[in-house]
Amino acid sequence: MKYQLYPLKFQPILKDKIWGGEKLNQYLNKDSKSKKLGESWEVSAVPGDVSIVSNGELKGKSLQELLGIYKSELLGEKNWKRFGEEFPLLIKFIDAKENLSIQLHPNDELAKKRHNSFGKTEMWYVMQADKDANLIVGFKDKIDKETYLKHLEAKTLTDILNFDKVKEGDTYLIEAGRVHAIGAGVLLAEIQQTSDVTYRVYDWERVDSEGNARELHKDNAIDAFDFEMKNDFRIDYKKQKNASNIIINCPFFTTNFITIDSEIKKQNTYDSFIIYMCVDGDVEILTDNSLNSISKGETLLIPAHIKNFKLKSNSGKLLEVYV
């Protein structure tokens, strides 16, 4: 039986990490007692980690199953033609109790050739940051391949990296090829292409409980670097209330910021699904046939065929994401 599509919630896919902590539980109410919880995958079609619907008549169905059944009704016509049954985005919340590895990601061309995968351009929205917490994004100064390799060999890579102290609301675009790392004490929302390909180049001489270091990918990474990249990664954006304020509009996704203190009538003119990530407060989503609510740390997907709906809140903040 084919049910009518409605706003979809998914079971979070929780992942322990060597650098993870407890904020995803404490701040975002994720159901875990782990002291090393690093990521909550909110919407995913990564093989082996495909999201499962948690609400309504389609509860228990996977995102991959829904793509096969609903096609453009779920994705939108242009996205269906572009991606078929490959869902284009991976949506996460991340808690870094310790520094993540210094890393970068390949672009579409390289990722397709090496991994039969999408590339990985991503963005970060900082939800909470401890005092003096930072992100590593790009280099301090213009760097060439030879200088990078010299510092990598000497284990002085951090001397040439750019450290940015961050606070709630800070936003960054991490394009494929850009060196980066989430610093200790940062809780953030991440929107990215559907890819789990990461090239680690330095991991702070860290070892696991058995004394083993994680694998590095120095050789693969050297071809993935974009040494010509500009320092345009910090994103300034408007914060007009009860309106969609564009943060990032790139070839892979668009993300808007919405602060709500009343009721907003929304019309989906994007020919795309829309994902809402609640980054503060509580928000109700009303369609002709349903009423859903999301709280801080929750995510909702509105299928492309739902064209009109309302958002309602006294003090909610959302990231609005579409392709």
Side-chain angles (χ1 to χ4, degrees), residues 6-12 21-32 37 39-40 42-43 54-56 89 91-96 123-131 133 135 165-172 185-191 234-249 253-270 273-302 306 308-322:
Y6 52 87
L8 299 165
K9 289 185 176 182
F10 297 94
Q11 299 170 13
E22 298 175 86
K23 287 183 182 177
L24 291 174
N25 181 330
Q26 294 171 350
Y27 285 82
L28 306 186
N29 295 310
K30 300 302 174 184
D31 187 14
S32 172
L37 184 60
E39 298 184 350
S40 176
E42 298 290 301
V43 184
S54 64
N55 68 322
L89 297 182
I91 305 295
K92 303 177 183 178
F93 294 111
I94 298 177
D95 169 28
M123 68 154 284
W124 295 333
Y125 173 90
V126 176
M127 296 178 66
Q128 186 272 338
D130 296 347
K131 184 180 178 183
L135 300 173
K165 193 182 293 188
V166 293
K167 63 185 183 308
E168 179 187 345
D170 286 348
T171 305
Y172 288 75
V186 178
L187 174 70
L188 57 75
E190 180 176 275
I191 295 144
R234 281 180 294 273
I235 308 298
D236 292 324
Y237 57 98
K238 296 179 180 178
K239 297 180 181 179
Q240 180 183 344
K241 287 188 176 181
N242 304 313
S244 293
N245 301 276
I246 293 178
I247 303 176
I248 287 168
N249 182 9
F253 52 81
T254 297
T255 302
N256 301 325
F257 176 78
I258 309 176
T259 299
I260 309 172
D261 64 4
S262 62
E263 183 176 279
I264 309 173
K265 290 183 179 180
K266 295 291 293 182
Q267 188 173 29
N268 182 352
T269 59
Y270 311 127
F273 61 91
I274 301 174
I275 293 172
Y276 286 107
M277 303 181 77
C278 188
V279 293
D280 201 13
D282 304 274
V283 179
E284 290 184 339
I285 298 96
L286 301 88
T287 70
D288 290 342
N289 302 310
S290 68
L291 169 61
N292 292 274
S293 63
I294 50 175
S295 300
K296 184 176 181 178
E298 292 188 313
T299 303
L300 185 85
L301 186 152
I302 297 186
I306 298 176
N308 295 285
F309 57 95
K310 296 175 183 176
L311 303 174
K312 186 178 180 181
S313 178
N314 292 323
S315 59
K317 294 180 181 177
L318 295 174
L319 299 181
E320 177 182 65
V321 186
Y322 53 90

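Scope of the values below: all heavy atoms of this structure, side chains included, with no hydrogens, waters or symmetry mates.
With hydrogens and angles left out, the side-chain atoms of Gln240 and Asn242 include no donor and acceptor closer than 3.5 Å. Donor-acceptor pairing under 3.5 Å is lacking for the side chains of Thr287 and Lys310.
Note that CG of Leu318 is 5.5 Å distant from SG of Cys278, once rounded to the nearest 0.5 Å. Annotation: the span from Glu320 atom CD to Tyr276 atom OH amounts to 3.5 Å, rounded to 0.5 Å. Atoms CG and OG, from Leu24 and Ser32 in turn, are 8.5 Å apart once rounded to the nearest 0.5 Å. Taken to the nearest 0.5 Å, the OG atom of Ser40 stands 11.5 Å off from the CD1 atom of Ile91. Atom CG in Asn245 sits 7.5 Å away from atom CG in Asn256 (nearest 0.5 Å). For the atom pair CZ (Phe309) and CD (Gln267), the distance works out to 10.0 Å, reported to the nearest 0.5 Å.
Between Val43 and Thr299, the closest side-chain pair of non-hydrogen atoms falls below 4.5 Å. With a 4.5 Å cut-off on side-chain heavy atoms, Ile274 and Leu301 do not count as touching. Contact of the Lys266 side chain with the Ser244 side chain is registered, since non-hydrogen atoms from C-beta on lie closer than 4.5 Å. Two residues are said to be in side-chain contact when any heavy atoms from C-beta on lie closer than 4.5 Å; Asn29 and Asn25 fail this criterion. Residues Asn308 and Asp288 have side chains not in contact (no heavy-atom distance under 4.5 Å, counting atoms from C-beta outward). Within the 4.5 Å cutoff, the side chain of Lys167 has no heavy atoms near those of the Val126 side chain. With contacts defined as side-chain heavy-atom distances shorter than 4.5 Å, the pair Thr254/Val321 does not qualify. Residues Leu188 and Leu135 have side chains in contact (heavy-atom distance under 4.5 Å, counting atoms from C-beta outward).
Side chain of Lys9 to backbone of Ser293: a donor-acceptor contact under 3.5 angstrom is found. In this structure, the side chain of Lys23 engages the main chain of Gly185 through a donor-acceptor pair within 3.5 Å.
What you find for Lys30 and Gly297 is that their closest heavy atoms are NZ-O, 2.6 Å. The two atoms that bring Val166 and Ala129 nearest to each other are O-CB, 3.6 Å, heavy atoms only. In this structure, Asp170 and Lys165 approach most closely via the heavy-atom pair OD2-O, 4.2 Å. Of all heavy-atom pairs spanning Phe273 and Tyr322, the tightest one is O-CB, 3.2 Å. Heavy-atom minimum distance, Asp95 versus Glu22: OD2-N, 3.2 Å. The nearest pair of heavy atoms linking Ile285 to Val283 is CD1-O, 3.8 Å.
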Chi angles and distances behind the side-chain contact (heavy atoms from CB on, under 4.5 Å) call for Tyr27, Met127: CA-CA 10 Å; Tyr27 285 82; Met127 296 178 66; over 6 Å; no
Check against side-chain contact (heavy atoms from CB on, under 4.5 Å), Phe93 and Glu42: CA-CA 7 Å; Phe93 294 111; Glu42 298 290 301; 3.6 Å; yes
side-chain contact (heavy atoms from CB on, under 4.5 Å) evaluation trace for Phe10 with Asn55: CA-CA 7 Å; Phe10 297 94; Asn55 68 322; over 6 Å; no
Criterion side-chain contact (heavy atoms from CB on, under 4.5 Å) on Tyr237 and Ile246, from CA distance to verdict: CA-CA 7 Å; Tyr237 57 98; Ile246 293 178; over 6 Å; no
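Each of Ile235, Ile247, Asn249, Ile275 was scored for a side-chain contact (heavy atoms from CB on, under 4.5 Å) with Thr255, with one residue passing: Ile247.
Comment: Asp282 does not engage Lys312 in a salt bridge, judged by the lack of any side-chain N to carboxylate O separation of less than 4.0 angstrom.
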